[in-house]
Amino acid sequence: MQKKYYITTAIAYTSKTPHIGNTYEAVLADSIARFHRQTGYDVFFLTGTDEHGQKIENQAKEMGISPKEHVDKIAGEVKEIWDFMNTSYDKFIRTTDDYHEKAVQKIFEKLYKQGDIYKGSYEGWYCTSCESFYTEAQLKDGKCPDCGDEVDKAKEEAYFLKLSKYTDRLMKHIEENPEFIQPESRKNEMVNNFIKPGLQDLCVSRTSFTWGVPVTFDEGHVVYVWIDALSNYISALGYDTESDAPLFNKYWPADVHLIGKDILRFHTIYWPIVLMALNVELPKQIFGHPWLLQGTDKMSKSKGNTIYAKQLVDHFGVDAVRYYLLHEMPFANDGSLTYELLIERINSDLANILGNLVNRTIAMSKKYFDSKVMEPSVKEPIDDELISLALETPKKLVESMDKLKVAEAISHVFTLLRRSNKYIDETYPWLLAKEEDKKERLGTVLYNLLECIRFSAVMLSSFMPDTAKKIFEQINTEVTGWDSLKSFDGMKPGDSVGIGEVLFARIDAEKKLEEIDEENANNAPKQDIEIVSKPEITIDDFSKIDVRIGKILECEPVKKAKKLLVSKVKVGNQVRQIVSGIAEYYTPEEMVGKQVLVVINLKPVKLRGVLSEGMLLCGEDEEGKLSLATLYDDMNSGCEVR
RNA sequence: CGCGGGGUAGAGCAGUCUGGUAGCUCGUCGGGCUCAUAACCCGGAGGUCAUGGGUUCAAAUCCCUUCCCCGCAACCA
């Protein structure tokens, strides 16, 4: 029976257009899926979108459209990107799909009936204007972190999943299956930070918003993201708690869930526990891939450094972008993308090594043999090294791909291409062409080159499908299957090769970068921050906050806290000790002597064990970047700020 | 003393498990070649393998010290 292979990506959240980093995951999954198809597996490749939640509900409200309209638009964009990136998914699931919502409801019901989900209450602080709950730790200045309003201590009913019940089984599974969480270092993070300290039961329902899957037996409750989104991996296969599902029986358990390293916790802890509770087998592997950075920075909209797949593809073509993503991403560390690096890779690998080899080989075939493929009749020892390398390379590819080391796999192909270029220099075809009695030897040399190119194209099919196809056309072969790599005789003597066309044009880096700079300057004017004002307050409300001018006398870091500085601040006749989360932006030395704005009537709290009696005012942007508010002119400390 | 990963040529990385000539790609310099997209091929320069100590005939590799970077966790009144 044919072996099956089930691979999934994380489903993309439909709150904004995915950037190239998100796109990477789909391309990576695609190359793995294609490779398995090519090497004989029955593959199911799932991807899709995660479309519920408060954030989407709010965004839709702001835009004045329905949540469904909002997610339809973004899901459409996601699908469009996945499509032009040439990803060969078998199914694109949306969590707003009917069958998915039903499956989620059934799963929730089943877990509730068997007691793994129970109704409890969520005790915390409630903000009336936001209709949201916050834990003590989430509060900002004892107030709502979102809108800054007063919060009330309150209880809200919610459903909880009993994680504790399954902790031991999960731990055992992780220990017994070292492949389960990859890369290895991630496994330690999960075990040490979460499982060992003990798992708290997980809140799996919400009442604070309605854009979600309703809990069937309790009106007002909506299934929260964990059970909703994660279940897509089985609902997509038609999983049903009661009846059999053919696709599910065939493909489950997943061979690999490919996800970003940021959501590892949900996939390696919550998801396996849900499955255990459902009495369903666990996926074989969770692979938390690294992130793609813009240079050395995380991509984000507010930094204005977001790169989108569309722009890259428009400038460089799909396969060049796919090549870069797949080949330049390390296995465990974050990778980096810049236009400069991309152009360099295209020029040196794709244009020079690959494209030029194909081009020169076809040109020689045409020139010397009128495009005819010749019989390889005059062998020489020097051929053996080339041929045996060609025959070994497919095995190496399989080994690398088994470990999901895609970059390494591609490198093997390029080793063969480099060796082929060298072979041309070793055999001097242009000299052979000058002597009539060397014609047959020349034919053999060209045969070997064409066959190496064919080998390479077959092996590149999963990574650069369009390019592989173009190469097959140029060398005019239909022998493109993986099995044809078992012997070095796929090219048929007597056939004619096709027309040589440039596969990848060399790019003038300077010119291209200018072009892109200009484009980015036009397209991305620095956006003003959209102001969504907090509720109006009266002057009386304002006057409750006692802000004073202070002067920093001393300042030092708080031990074992990366972000905290503790300052002694002179405010009038008092000296306050204040802890601030600004250690990443200011050194203690530069703090001393600064005149600052201090909120003095905040309830004192201990931070990392250090008492803080107030708060220093700072400007803070979306990225969390801080700037301390100081004074324009020297003032006597203790003055009121109004 | 929270947990983990890492520091190897100008850049990016492999090698470390299982000690035995320090390697790959890019860049740079020089040479070769002309079939090809100024491409391809060969050679050179460039490394105290972060640091200090230990084990050993022999250490990038094994053991310990210190310093630095990164991830996770905690923390942002």
Side-chain angles (χ1 to χ4, degrees), chain A residues 137-143 145 183-194 196-197 261-262 264-265 288 290-291 296 327-328 330-336 340-341 344-368 407-408 411 414-415 417-433 442 445-446 449 500-507 558-565 578-585 598-618 620 624 626:
Chain A
Q138 283 175 310
L139 293 186
K140 258 193 175 166
D141 324 332
K143 295 182 180 176
E184 177 95 23
S185 59
R186 304 279 161 213
K187 171 176 130 185
N188 298 323
E189 286 177 10
M190 292 305 125
V191 172
N192 292 329
N193 288 328
F194 300 106
K196 275 193 186 153
K261 60 180 184 180
D262 51 327
L264 217 60
R265 179 159 133 202
W291 275 336
T296 52
H327 185 244
E328 294 308 302
F331 180 70
N333 299 326
D334 287 340
S336 129
E340 286 88 341
L341 284 171
E344 191 185 305
R345 291 334 301 173
I346 292 173
N347 282 345
S348 80
D349 295 355
L350 300 181
N352 295 354
I353 308 234
L354 170 64
N356 187 44
L357 173 69
V358 174
N359 202 245
R360 65 201 295 216
T361 303
I362 302 246
M364 284 192 277
S365 288
K366 187 170 182 215
K367 194 165 179 178
Y368 302 140
E408 190 180 275
S411 296
F414 276 79
T415 301
L417 292 168
R418 283 173 209 279
R419 187 65 191 81
S420 304
N421 272 318
K422 186 173 173 177
Y423 178 76
I424 298 182
D425 268 55
E426 289 167 339
T427 53
Y428 303 102
W430 54 93
L431 293 185
L432 296 174
L442 178 59
V445 165
L446 286 178
L449 285 170
E501 272 168 38
V502 169
L503 285 171
F504 295 96
R506 278 183 66 81
I507 294 164
V558 173
K559 271 179 205 151
K560 278 176 242 148
K562 201 159 103 190
K563 296 188 178 176
L564 303 182
L565 293 181
I578 296 179
V579 179
S580 324
I582 54 177
E584 284 170 305
Y585 298 94
V598 189
V599 182
I600 57 165
N601 61 340
L602 268 178
K603 189 180 169 193
V605 221
K606 276 194 173 178
L607 289 171
R608 283 260 125 185
V610 181
L611 188 68
S612 184
E613 311 163 295
M615 168 173 163
L616 304 186
L617 294 181
C618 288
E620 180 176 8
L626 295 177

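Order of the sequence lines fixes the chain letters, A, B, ..., with proteins taken first and strands second; residue numbering starts at 1 for each chain. Predicted model, so just to flag it, every value in this text is computed and none were measured.
In this structure, Val579(A) reaches the sugar-phosphate backbone alone: every heavy-atom distance under 4.0 Å involves primed, P, OP1 or OP2 atoms, never a base. Counting any heavy atom pair closer than 4.0 Å across all strands shown, Lys563(A) reaches a base atom. Backbone-only engagement by Phe194(A) is indicated by non-hydrogen atom pairs under 4.0 Å involving sugar-phosphate atoms exclusively. Within 4.0 Å of Leu503(A), counting heavy atoms only, lies at least one base atom of the nucleic acid. Among the protein residues, Asn421(A) comes within range of the sugar-phosphate backbone only, with heavy atoms under 4.0 Å from sugar or phosphate atoms but none that close to a base. Within the nucleic acid shown, Tyr368(A) comes within 4.0 Å of sugar-phosphate atoms alone, with no base atom in reach, counting heavy atoms only.
For rG4(B), the paired base is rC70(B) (Watson-Crick or G-U wobble, both distances below 3.5 Å). When both pairing distances are held under 3.5 Å, rU55(B) makes no Watson-Crick or G-U pair with any nucleotide shown. Under the Watson-Crick or G-U wobble criterion, with both distances below 3.5 Å, rC33(B) is left unpaired in every strand shown. The nucleotide rC76(B) finds no pairing partner, because no Watson-Crick or G-U wobble arrangement with both distances shorter than 3.5 Å includes it. Across the strands present, rU21(B) finds no partner; the criterion is a Watson-Crick or G-U wobble pair with both atom distances under 3.5 angstrom.
At rC40(B), one or more side-chain N or O atoms of Asn352(A) fall inside 4.0 Å of OP1 or OP2 (strictly under the cut-off). Contact check, Lys261(A) against rG71(B): no side-chain N or O comes under 4.0 Å of OP1 or OP2. The side chain of Arg418(A) contributes an N or O atom lying less than 4.0 Å from OP1 or OP2 of rC26(B).
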For this session: Take Leu442(A) and Trp430(A) through the test side-chain contact (heavy atoms from CB on, under 4.5 Å) and record every step on the way to the result.
Result: CA-CA 9 Å; Leu442(A) 178 59; Trp430(A) 54 93; over 6 Å; no

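Here the side chain of Asn347(A) pairs no donor or acceptor atom with the backbone of Arg506(A) at under 3.5 angstrom. Ser612(A) places a side-chain N or O within 3.5 Å of a backbone atom of Val579(A) that can act as its donor or acceptor partner.
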